[in-house]
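Structure, as structure tokens:
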Amino acid sequence: MPAAAPASIDWPGKRLGLPAAGRRSIGRLGRRIAGIAIDWALSLLITYGFFHRDPDGFIALGIFVATQIVFLWVANGSIGHLIVGLRVVPLNPGYLGLWRPVVRTLLLAIVIPVVIYDRDQRGIHDRWAGTILVRR
């Protein structure tokens with residue numbers, strides 16, 4: 001009886017040509033959650049430091065959106081991303097530009113595109129913006 005062929009080993013990002021682990025591999029869920037928690041906490045600190053109260057949460061959301069766009073545009077990652085060792089890169093090599101951070105962040109702000117993701121662990125916000133969140 002012939003030997004069974006070995007099962008193909010798949011990992012998030014393999015279809016995109018990314019390594020299974022290490023530098024430039026897909027950022028995993030734990031780091032993503034830690035990064036967004038840091039970003040949201042900083043937004044809340046800024047909100048309550050300058051506005052003292054935010055009954056509807058829209059000031060904090062506005063600060064979150066603004067800081068995401070600026071830091072993605074300037075540093076290829078939000079403060080939280082950079083602290084946990086992640087960065088956002090375009091799917092096709094080149095410059096991230098301004099439109100990708102804007103599209104990605106606006107979709108991130110409405111939450112639903114973030115929790116729907118593909119087998120490469122890219123949320124709709126990353127797919128529509130043409131970006132990948134990878135380890136630095």
Side-chain angles (χ1 to χ4, degrees):
M1 179 169 241
S8 83
I9 299 172
D10 256 357
W11 62 84
K14 181 178 181 180
R15 293 179 318 125
L16 305 172
L18 300 176
R23 193 167 196 270
R24 292 231 3 123
S25 65
I26 293 286
R28 299 300 197 265
L29 186 61
R31 287 179 187 244
R32 290 171 183 250
I33 290 172
I36 200 164
I38 291 168
D39 291 334
W40 188 249
L42 289 172
S43 297
L44 290 174
L45 284 172
I46 293 168
T47 300
Y48 293 118
F50 288 98
F51 300 100
H52 304 294
R53 57 188 304 259
D54 185 15
D56 300 325
F58 288 112
I59 296 172
L61 182 61
I63 291 171
F64 176 82
V65 166
T67 57
Q68 286 284 310
I69 291 170
V70 168
F71 277 91
L72 285 173
W73 184 39
V74 172
N76 280 45
S78 68
I79 295 169
H81 289 149
L82 299 175
I83 289 172
V84 299
L86 298 174
R87 67 187 176 126
V88 177
V89 297
L91 183 59
N92 298 320
Y95 180 58
L96 193 60
L98 180 59
W99 75 269
R100 284 185 176 91
V102 170
V103 168
R104 185 181 191 280
T105 301
L106 293 177
L107 290 170
L108 177 68
I110 60 173
V111 179
I112 294 171
V114 178
V115 297
I116 301 172
Y117 53 91
D118 63 12
R119 65 182 175 192
D120 290 314
Q121 295 183 358
R122 290 176 63 217
I124 292 174
H125 65 301
D126 276 323
R127 290 182 59 96
W128 287 4
T131 58
I132 310 169
L133 188 60
V134 297
R135 292 181 62 186
R136 292 189 311 141

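- Residue pairs satisfying the salt bridge (Lys or Arg N to Asp or Glu O under 4.0 Å) criterion with at least one member in residues 127-136, sequence neighbours excluded, are listed as follows: D118-R127.
- Note: I69 CD1 to W99 CH2 = 13.5 Å, rounded to the nearest 0.5 Å.
- In this structure, D39 has no salt bridge (charged side-chain N to carboxylate O under 4.0 Å, His left out) partners at least two apart in sequence or on a different chain.
- With sequence neighbours excluded, the residues forming a ring-ring contact (aromatic ring centres under 6.0 Å, His included) with W40 are F64, listed by chain and number.
- In this structure, the side chain to side chain contact (heavy atoms under 4.5 Å, CB included) partners of V70, at least two apart in sequence or on a different chain, are V74.
- L106 CG to Q68 CD: the interatomic distance, rounded to the nearest 0.5 Å, is 11.0 Å.
- Within the structure, ring pair (Phe, Tyr, Trp, His ring centres under 6.0 Å) contacts touching residues 106-135 (residues at least two apart or in different chains) do not occur.
- With rounding to the nearest 0.5 Å, the separation of CD in Q121 from CZ in R32 is 6.0 Å.
- Both L44 and L61 are members of a single hydrophobic cluster when ILVMFWY side chains are connected at heavy-atom separations under 4.5 Å.
- How far CG of L91 is from OG1 of T131: 8.5 Å, rounded to the nearest 0.5 Å.
- Legend: residues meeting side chain to side chain contact (heavy atoms under 4.5 Å, CB included) with I59, ordered by chain and number and at least two apart, are T47, F51, D54, I63.
- For the atom pair CD1 of I36 and CG of L108, the computed distance is 4.5 Å after rounding to the nearest 0.5 Å.
- In this structure, the side chain of N76 engages the main chain of V88 through a donor-acceptor pair within 3.5 Å.
- Shown here are the side chain to side chain contact (heavy atoms under 4.5 Å, CB included) partners of V84, two or more places apart in sequence or in another chain: R31, A34, I38, L86.
- The distance from atom CD1 of I132 to atom CG of L16, rounded to the nearest 0.5 Å, is 5.0 Å.
- Residues passing the salt bridge (charged side-chain N to carboxylate O under 4.0 Å, His left out) test with R28: none are found, sequence neighbours excluded.
- L98 and V89 end up in different hydrophobic clusters when Ile, Leu, Val, Met, Phe, Trp and Tyr side chains are linked at under 4.5 Å.
- The environment of CZ in F50 is sparse: at most 12 heavy-atom neighbours from other residues, nucleotides or ligands sit within 6.0 Å.
- When all heavy atoms of I26 and P12 are compared, the closest pair comes out as CG1-O, 3.5 Å.
- Applying the under-4.5 Å side-chain rule to Ile, Leu, Val, Met, Phe, Trp and Tyr, the cluster around L29 extends to I33.
- Judged as a side chain to side chain contact (heavy atoms under 4.5 Å, CB included), and not counting sequence neighbours, the contacts of I112 are I116.
- Considering only heavy atoms from C-beta on, L72 comes within 4.5 Å of T105 through its side chain.
- Counting only heavy atoms from C-beta outward, the side chains of S25 and L18 never approach each other to under 4.5 Å.
- Within the structure, ring pair (Phe, Tyr, Trp, His ring centres under 6.0 Å) pairs that include any residue of residues 68-91 do not occur (at least two apart or interchain).
- Identified under the salt bridge (Lys or Arg N to Asp or Glu O under 4.0 Å) test for residues 78-104, with sequence neighbours left out: R104-D126.
- Note: the hydrophobic cluster containing V102 also contains Y95 (ILVMFWY, side chain heavy atoms under 4.5 Å, direct or indirect links).
- By the neighbour-count criterion of 12 heavy atoms within 6.0 Å, atom CZ of R119 is sparsely surrounded, having that number or fewer from other residues, nucleotides or ligands.
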